Peer 1: 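To start, I am sharing the structure in question, which I have written as structure tokens.
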There are 2 protein chains.
Amino acid sequence: MARPATVSPDRILSAAAAEFSTGGFDGARVDRIARRAKVNKAMLYYHFGSKQRLYRELLRRIFAQVAERLRQVGAGDAEPAAMVDQAIDVIARLAREHTYFPPIMLREIAEGGTHLDRDTLTALSSVPMAFGAIVARGVALGAFRPVHPIAAYFTMIAPLMVYLAAAPIRRELSDARLVNPAPIDVDEFIAHLQQTMRRMLAPDYRDAAARPRTRR
Amino acid sequence: MARPATVSPDRILSAAAAEFSTGGFDGARVDRIARRAKVNKAMLYYHFGSKQRLYRELLRRIFAQVAERLRQVGAGDAEPAAMVDQAIDVIARLAREHTYFPPIMLREIAEGGTHLDRDTLTALSSVPMAFGAIVARGVALGAFRPVHPIAAYFTMIAPLMVYLAAAPIRRELSDARLVNPAPIDVDEFIAHLQQTMRRMLAPDYRDAAARPRTRR
DNA sequence: GTCTATACTTCGATAGAC
DNA sequence: GTCTATCGAAGTATAGAC
């Protein structure tokens, strides 16, 4: 306890995040993870037992963190629409901070939950649950039109993950001059998404940012 | 020419689609592809040369087909908003017909374009190009507000791909009773997405389905 | 064009000393 | 807890007969 004992497990998880994000479960190499983490491969097995267990542990942590932040947003006192803005901000910030997050999430969806055990699936589902709660509350308050919370979740998370994960491809395409010279800035895209969600959730199509003046 | 000669290449591509969609490039096994296609592994190499070349060929075909259908929609004479509805329908139909399509597309985005050569990247980019053209035309006509075509593309394609690709996970979650008992139907979700896109693109927030009655 | 057998490589995992 | 050495399975690809 005196000395700041080895933090091998954390270093391994960081290295695993980087490795799994670029190649997925099957593309990841245990040797590379160990090398990146600057630990011996045997050490990795000593701590995590297997490649699969390491993978699950990593994903559980990622999803738990995202869900936790969303719950914090939901526990705040902002108005429903502002809460959704905040939720998008929070996820976007997390995703840009940990660039491994969007690719890993997308791939796990594409994978159909193979590799995952029950605990990890629970952690994964806690993300839509936390966001859905925010939407459901807005609907109950009449601030949103009656939208299915899970539909709203997909409409929000998918563009965010795909746009952020596609950054390398966009770069490649623009380098190869394969696409028009008008790229979209990340911040612009996030603002666009927030606007889109507001429009999607607005209870009355005629009601803009302005308060409804109880016309009639 | 007399007899309907072997269609090995096509059978191999079908088998490859199934195999690559579940495991990605690294998870796919050449042996399994050959077995599914009921051809010998050597035959597969005879026709395609390598696992990577087979993969690229497959992706090029998928993307080309999607882009082609989008171009057909764009060449029609529907109004811009209806065209976007049609575009969503077309992609959704293709994705449900070929269930391998959404997972493969998501994974390739997550992969950041590794495994892809220039031709395949071109084919991939032709999809956003075709959809972007529809949006750009709507903007030019004043039927849509000035939205970045690529932003619009991501807002449309991402929920569609993610929602459809997530079907296995949703099933698993509901089987395990990990999620509320109010699932969303696929058709409902597509309708939701079409509505969301209409709201996103509407030039005037006060303008509903009704014609603007030049109030003021 | 088709098939069998196999070469060659890579990778996940462990044994066993310290 | 840490490291070296290595096993054994699995996987891509090819050689060569028909």
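Note that these values count all heavy atoms, side chains included, but never hydrogens, waters or copies made by symmetry. Here is how names work: the chains are called A, B, and so on, in the same order as the sequence lines, proteins then strands, and each is numbered from 1. Note that the structure is a prediction, hence the values are computed from the model and not measured.
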Peer 1: Find the distance B:Arg35:CZ to D:dA10:C1' and express it as a whole number of Å.
Peer 2: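 Rounded to the whole Å, the gap is 14 Å.
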Peer 1: Let me know the distance between CG of B:Leu54 and P of D:dA13, rounded to the nearest Å.
Peer 2: 10 Å
Peer 1: Once ring pair (Phe, Tyr, Trp, His ring centres under 6.0 Å) is applied, do any residues pair with B:His98, and if so which ones, sequence neighbours excluded?
Peer 2: B:Tyr100
Peer 1: Suppose we screen for ring pair (Phe, Tyr, Trp, His ring centres under 6.0 Å). Which residues come up paired with A:Phe189, at least two apart in sequence or across chains?
Peer 2: A:Tyr163, A:His192
Peer 1: Taking CD1 from A:Ile33 and C1' from C:dA13, how many angstroms apart are they, rounded to a whole number?
Peer 2: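 Roughly 14 Å, once rounded to whole Å.
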Peer 1: Among all residues two or more places apart in sequence or in another chain, which pass the salt bridge (charged side-chain N to carboxylate O under 4.0 Å, His left out) test with A:Glu172?
Peer 2: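 For A:Glu172 there are no salt bridge (charged side-chain N to carboxylate O under 4.0 Å, His left out) partners, ignoring immediate neighbours.
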Peer 1: Could you tell me which residues satisfy salt bridge (charged side-chain N to carboxylate O under 4.0 Å, His left out) with B:Arg170, sequence neighbours excluded, listed by chain and number?
Peer 2: none
Peer 1: Which nucleotide in the set D:dG1, D:dC3, C:dT4 lies at the smallest distance from any side-chain heavy atom of B:Asn40?
Peer 2: C:dT4
Peer 1: Under 3.5 Å, which donor-acceptor pairs do the side chains of residues 36-43 of chain A form with other protein atoms, sequence neighbours left out?
Peer 2:
{"residue": "A:Arg36", "atom": "NH2", "partner": "A:Glu19", "partner atom": "OE1", "Å": "3.0"}
{"residue": "A:Asn40", "atom": "OD1", "partner": "A:Ala42", "partner atom": "N", "Å": "2.9"}
{"residue": "A:Lys41", "atom": "NZ", "partner": "A:Asp31", "partner atom": "OD1", "Å": "3.2"}

Peer 1: Scan side-chain atoms only and decide if A:Thr120 and A:Asp117 contain a donor-acceptor pair under the 3.5 Å cut-off.
Peer 2: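 The answer is yes; a qualifying pair exists.
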Peer 1: Would you mind reading off the distance between B:Met43 atom CE and D:dA13 atom P, rounded to a whole angstrom?
Peer 2: 16 Å
Peer 1: Which residue pairs satisfy the salt bridge (Lys or Arg N to Asp or Glu O under 4.0 Å) criterion with at least one member in residues 106-115 of chain B, sequence neighbours excluded?
Peer 2: A:Arg107-B:Glu111, A:Glu111-B:Arg107
Peer 1: Is B:Thr155 close to A:Thr155 at the side-chain level, that is, under 4.5 Å between some pair of heavy atoms?
Peer 2: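 No - every pair of side-chain heavy atoms lies 4.5 Å or more apart.
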Peer 1: Check the interface with nucleotides 10-12 of chain C: list each N/O to N/O pair with the protein under 3.5 Å, or write none.
Peer 2:
{"residue": "C:dC11", "atom": "OP1", "partner": "A:Arg29", "partner atom": "NE", "Å": "2.7"}
{"residue": "C:dC11", "atom": "O5'", "partner": "A:Arg29", "partner atom": "NE", "Å": "3.3"}
{"residue": "C:dG12", "atom": "OP1", "partner": "A:Ala28", "partner atom": "O", "Å": "3.0"}
{"residue": "C:dG12", "atom": "OP1", "partner": "A:Arg29", "partner atom": "NH1", "Å": "3.4"}
{"residue": "C:dG12", "atom": "OP1", "partner": "A:Lys51", "partner atom": "NZ", "Å": "3.0"}
{"residue": "C:dG12", "atom": "OP2", "partner": "A:Val30", "partner atom": "N", "Å": "3.0"}

Peer 1: Just the rounded figure in Å: distance from C1' of C:dG1 to NZ of B:Lys38.
Peer 2: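 Nearest whole value for this atom pair: 19 Å.
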Peer 1: Show the distances under 3.5 angstrom between N or O atoms of the protein and N or O atoms of nucleotides 15-18 of chain C.
Peer 2:
none

Peer 1: Could you give the CD-to-P distance, from B:Glu19 to D:dT12, as a whole number of Å?
Peer 2: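 Taking CD of B:Glu19 and P of D:dT12, I get 9 Å after rounding.
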Peer 1: Using residues 126-139 of chain B as the side-chain source, report each donor-acceptor pair under 3.5 Å to any protein atom, sequence neighbours left out, with the distance given to one decimal.
Peer 2:
{"residue": "B:Ser126", "atom": "OG", "partner": "B:Ala123", "partner atom": "O", "Å": "2.5"}

Peer 1: Tell me the interatomic distance from B:Leu44, atom CG, to C:dC3, atom C1', rounded to whole angstroms.
Peer 2: 14 Å
Peer 1: I need the CZ-C1' distance between A:Phe48 and D:dG1, as an integer number of Å.
Peer 2: 14 Å
